[in-house]
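Data first, discussion second: the structure below is written as structure tokens.
This one's a predicted model, so the numbers in the text were calculated from it and none came from an experiment. So that the names make sense, note that chain A is the first sequence line, chain B the second, and so on, each numbered from 1.
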Amino acid sequence: MNLFLEYQKKIFVSLKNLEKKKIIKIPSKIRNFTVELPPKDQRAGISCNAAMILARANNNSPTQLAEILKEHLLSNFIEFKSIEIAGPGFLNIYFHISFWRKYLTKIIQLNSKYGSNKMLKKKYNIEFVSANPTGPLHVGHCRGAVLGDTLSNLLIFNGNKVTREYYVNDYGGQIKNFVSSVYYRILEIIEDKTFPQDQNLYPGDYIIDIAKKIIKKKSIKNFSNFNKVYKQLSSESLKYSMQLISGNLNLLGVRHNNFVYESKLVDKKMVQKIVKKLQKKKYIYEGKLEAPKGKLIKDWKTRNQLLFKSTIFGDDIDRPLQKADGTWTYFAGDMAYHFHKISRKFNILINVLGADHAGYIKRIVSATRAISNNKVNLICKVSQLVKLFKNGEPFKMSKRSGDYVTVEDLIKEVGKDSTRFMMLSRSNDIELDFDFEKVTEKSKDNPVFYVQYAYARINSIFRLLKINLENKIKIDNKKFILNQHEIEILKKISEWPKCVELSSSKLEPHRIPFYLYELVTLFHSYWNLGKDNKEFRFVPENGILNNPRLVLLQALSIVIKNGMSILGVSTPRTM
RNA sequence: GCGCUCGUAGCUCAAUUGGAUAGAGCGUCUGGCUUCGGACCAGAAGGUUGAGGGUUCAACUCCUUUCGAGCGCACCA
């Protein structure tokens, strides 16, 4: 259903035939032959650059060659109504109305699958969020969560299999601090002991909630010895903190399929296994690291340690696997985790990381290449910082944690739909300004509203006409006419599969909000024409329905709905 | 010092991956609509794409130099 890819192939085949007749020459290395969307001021359906690319090989000017190609294509494709030669030699191709009618029929038939591309079906693993299970999610996590979830939706829409995965870092020093914090809160409650002033402890109120739950559950009777209760206390604390995080994710409409616990990988000796495996391949050795330059470290001690040779895969330095106390570094555990991913036979691994972890990418990509013998591709997407504003002023707020804005705060204030749409409206590798006021406005300033409003308007038309929008409307083949405005909308609709294709192949979902916004702009603008001129109204005064117009509306509603559901944003019927 | 990301209209951002006169929204200016076909619509002004050089029919896009911003740089995760 991708018009542009389809005609790129068809026109190329057609030109090959022309070559067989020795009318033109096509060089063996022809690269950037494309069929594209014409610029906005051009009314053609599609545009082809063949003449410009082939001009040199044919010893001809692009415009003269274009004349030859034009005649050929017109006689070859009955659906082409006319072709204009424009600019430096572009072929701007117009379709007959019957072509658009058939295209529209296909959209209605495909319905929720319209836009899905026939790509190679692959098995993806998308790891995202993976926040430490030591507290609620904040706004920074939020952007990554929405990005990962939407990428998953997008790839699934295109027929791929996707596992949404959360890596729970429940091993290491931070967890000990977290469990200690819960412990001291429990003592505070049951024995009235003051909570220690210690920077390593977590101060947030949620810790008190967790402490209360554990006391209430009564599975631990005696709290007097920390070491004795540690195992049980840690497992319960983690359970509650993961519940907290899942609840936060739920607010965002995000649900993971799989949670992998670091501690379990450590228990199963997965780290040792992968270390042995890589030692055999000579990717691991004992060596010394230089102190980093440009940064003063007081107590730097050069020591022998276990290192991974990530430099041979393009990393800046080799990376340590063991801490001074002999326990595994985070990286060692993550290596084991990626080994675990690879052993589950995914075609492509995707990690969504926050900006502050970007420096980690080379390391983990190197590790993945080493483990999989270069066979598995790991793609890392970085989501940049979110800056919060309220009425143009930088905004800081937190009722629960003291120093950052939580997902809960955000959703309470602006809602899931606005949050998701706004977070996705920027390329992920650019910083995002998020204004609380703007996203709650019901106006054109707020793109979510603008898109949802278009969908609600379409619904209101069908309500007035007493026609069910969910039922497929039959196209009246005999009386099929569309005016220029309607063809423009249909042309934009025909871009949808291309938008999906680009978004998913480049893993850039921000294209979808932009596309939807442009699409509904055409619709709102057309709607307003109906105010001045009753000829353009969807609900005719004489009661005679305009069938093609309604079919067009249905197609439009399909695209809005498909797009919004990829974004995970609702499409209410009334507003 | 090194690495990653970014630099486009006054502001916030796009740009079909090398294509046509670089496009939207906000803001500014002009005109229209005036309450459920409502919460807007039409139009105008606004640009040396941070700067210099290179590659080619064609560069915001690729290469190179340079300036600026953000993030990161053993034993945290």
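With A:Tyr283 as the aromatic partner, A:Lys309 does not meet the cation-pi criteria of under 6.0 angstrom to the ring centre and within 45 degrees of the ring axis.
The nucleotide B:A9 finds no pairing partner, because no Watson-Crick or G-U wobble arrangement with both distances shorter than 3.5 Å includes it. Remark: B:U61 base-pairs with no nucleotide; criterion is Watson-Crick or G-U wobble with both hydrogen-bond distances under 3.5 Å. Across every strand in view, B:G3 sits in a pair with B:C71 that passes the Watson-Crick or G-U test at under 3.5 angstrom. If you check B:C40 for Watson-Crick or wobble pairing at under 3.5 angstrom, you find it paired to B:G32. Searching all strands for a Watson-Crick or G-U wobble partner of B:A14 with both distances below 3.5 Å returns nothing.
Judged purely by atom type and a 3.5 angstrom limit, A:Ser310 uses its side chain to pair as donor or acceptor with the backbone of A:Ile317. Although no hydrogens or angles enter the test, the distance criterion places no donor-acceptor pair under 3.5 Å between the side chain of A:Tyr453 and the main chain of A:Met575.
Using a 4.0 Å heavy-atom cutoff across all strands shown, A:Ala324 reaches sugar-phosphate atoms only and no base atom. In this structure, A:Lys498 reaches the bases: a heavy-atom distance under 4.0 Å links it to at least one base atom across the strands shown. Backbone-only contact: A:Asp316 has heavy atoms under 4.0 Å from sugar-phosphate atoms and none from a base. A:Pro39 comes within contact range of at least one nucleobase, with a heavy-atom separation under 4.0 Å. Base contact: A:Pro38 has a heavy atom under 4.0 Å from a base atom. At a threshold of 4.0 angstrom between heavy atoms, the contacts of A:Tyr450 are confined to the sugar-phosphate backbone, with no base atom among them. Counting any heavy atom pair closer than 4.0 Å across all strands shown, A:Phe331 reaches no nucleic acid atom. Nucleic acid contact for A:Gly530: base, since at least one base atom lies under 4.0 Å from a heavy atom of the residue. Heavy atoms of A:Glu508 sit under 4.0 angstrom from at least one base atom. A:Glu36 comes within contact range of at least one nucleobase, with a heavy-atom separation under 4.0 Å. Using a 4.0 Å heavy-atom cutoff across all strands shown, A:Ile430 reaches sugar-phosphate atoms only and no base atom.
Spacing between atom CE of A:Met422 and atom C1' of B:C13 amounts to 10 Å, rounded to whole angstrom units. Going from atom CG of A:Asn59 over to atom C1' of B:C57 covers 14 Å, rounded to whole Å. As rounded to whole Å, 11 Å separates atom P of B:G38 from atom CZ of A:Phe449. Rounded to whole Å, atom P of B:C4 lies 18 Å from atom CD1 of A:Ile364. Between the CG atom of A:Leu553 and the P atom of B:G37 there is a distance of 15 Å, rounded to whole Å.
Checked by distance alone, A:Asn92 brings a side-chain donor or acceptor within 3.5 Å of a matching partner on the base of B:A20. On a pure distance criterion of 3.5 Å, no polar donor-acceptor pair joins the side chain of A:Thr329 and the base of B:A77. Judged by distance alone, with hydrogens and angles left aside, A:Tyr453 brings a side-chain donor or acceptor within reach of the base of B:A39, the pair sitting under 3.5 Å. Side chain A:His510 to base B:A14: no donor-acceptor pair is found below 3.5 Å.
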Write out a two-atom table: protein N or O, nucleotide N or O from nucleotides 22-31 of chain B, distance below 3.5 Å.
from  : atom 1 : to      : atom 2 : distance (Å)
B:G23 : O2'    : A:Lys40 : NZ     : 3.3

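Under 4.0 angstrom from either OP1 or OP2 of B:C73 there lies no side-chain N or O belonging to A:Lys362. Residue A:Lys381 places no side-chain N or O under 4.0 Å from the OP1 or OP2 atom of B:U5. A sub-4.0 Å separation between OP1 or OP2 of B:G3 and a side-chain N or O of A:Arg363 is absent. Using a 4.0 Å cut-off, some side-chain N or O of A:Lys323 falls inside it from OP1 or OP2 of B:C76. Contact check, A:His524 against B:C33: no side-chain N or O comes under 4.0 Å of OP1 or OP2. Checking the phosphate oxygens (OP1, OP2) of B:C57, a side-chain nitrogen or oxygen of A:Arg56 falls inside 4.0 Å.
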Under 3.5 Å donor-acceptor pairs involving side-chain atoms of residues 505-512 of chain A, not counting sequence neighbours:
from     : atom 1 : to       : atom 2 : distance (Å)
A:Ser505 : OG     : A:Glu501 : O      : 3.0
A:Ser505 : OG     : A:Leu502 : O      : 3.4
A:Glu508 : OE1    : A:Arg511 : NE     : 2.9
A:Glu508 : OE1    : A:Arg511 : NH2    : 2.7

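You'll find the ring centres of A:Tyr517 and A:Tyr450 inside the 6.0 Å limit. Aromatic ring centres of A:Tyr167 and A:Phe128: separated by at least 6.0 Å. Remark: aromatic rings of A:Phe436 and A:Phe389 are distant, center separation not under 6.0 Å.
You cannot call A:Trp527 stacked on the base of B:G37; the centres under 5.5 Å and planes under 30° rule is not satisfied.
Checked for salt-bridge contact, A:Glu165 and A:Lys341 miss the test: no charged N lies under 4.0 Å from a carboxylate O.
At most 12 non-hydrogen atoms from other residues, nucleotides or ligands lie less than 6.0 angstrom from NZ of A:Lys264.
Using bins of under 30°, 30° to 60° and over 60° for the plane-to-plane angle, the ring pair A:Phe538/A:Trp527 lands in the tilted bin.
Of the P atoms belonging to B:G18 and B:U61, the separation is 11 Å, rounded to the nearest Å.
Residues from residues 455-466 of chain A that place a heavy atom under 4.0 Å from any atom of RNA chain B, listed by number: A:Arg457, A:Leu464.
Taking CG from A:Asn200 and OG from A:Ser181, the interatomic distance works out to 9.0 Å, rounded to the nearest 0.5 Å.
The side chain of A:Ala358 lies closest to B:C4, out of B:G38, B:C4, B:C40. When each of B:A74, B:A39, B:A15 is scored by its nearest atom to the side-chain atoms of A:Arg511, the top-ranked nucleotide is B:A15.
Comparing A:Glu262 and A:Asp433 by the nucleotide of RNA chain B that holds the closest heavy atom to each, the one mapping nearer the 5' end is A:Asp433.
Side-chain contact check for A:Tyr330 and A:Glu262: no donor-acceptor pair (N or O, by modelled atom type) lies under 3.5 Å.
Considering A:Thr329, A:Val271, A:Leu321 in turn, A:Leu321 is the only one that fulfils the side-chain contact (heavy atoms from CB on, under 4.5 Å) rule with A:Met335.
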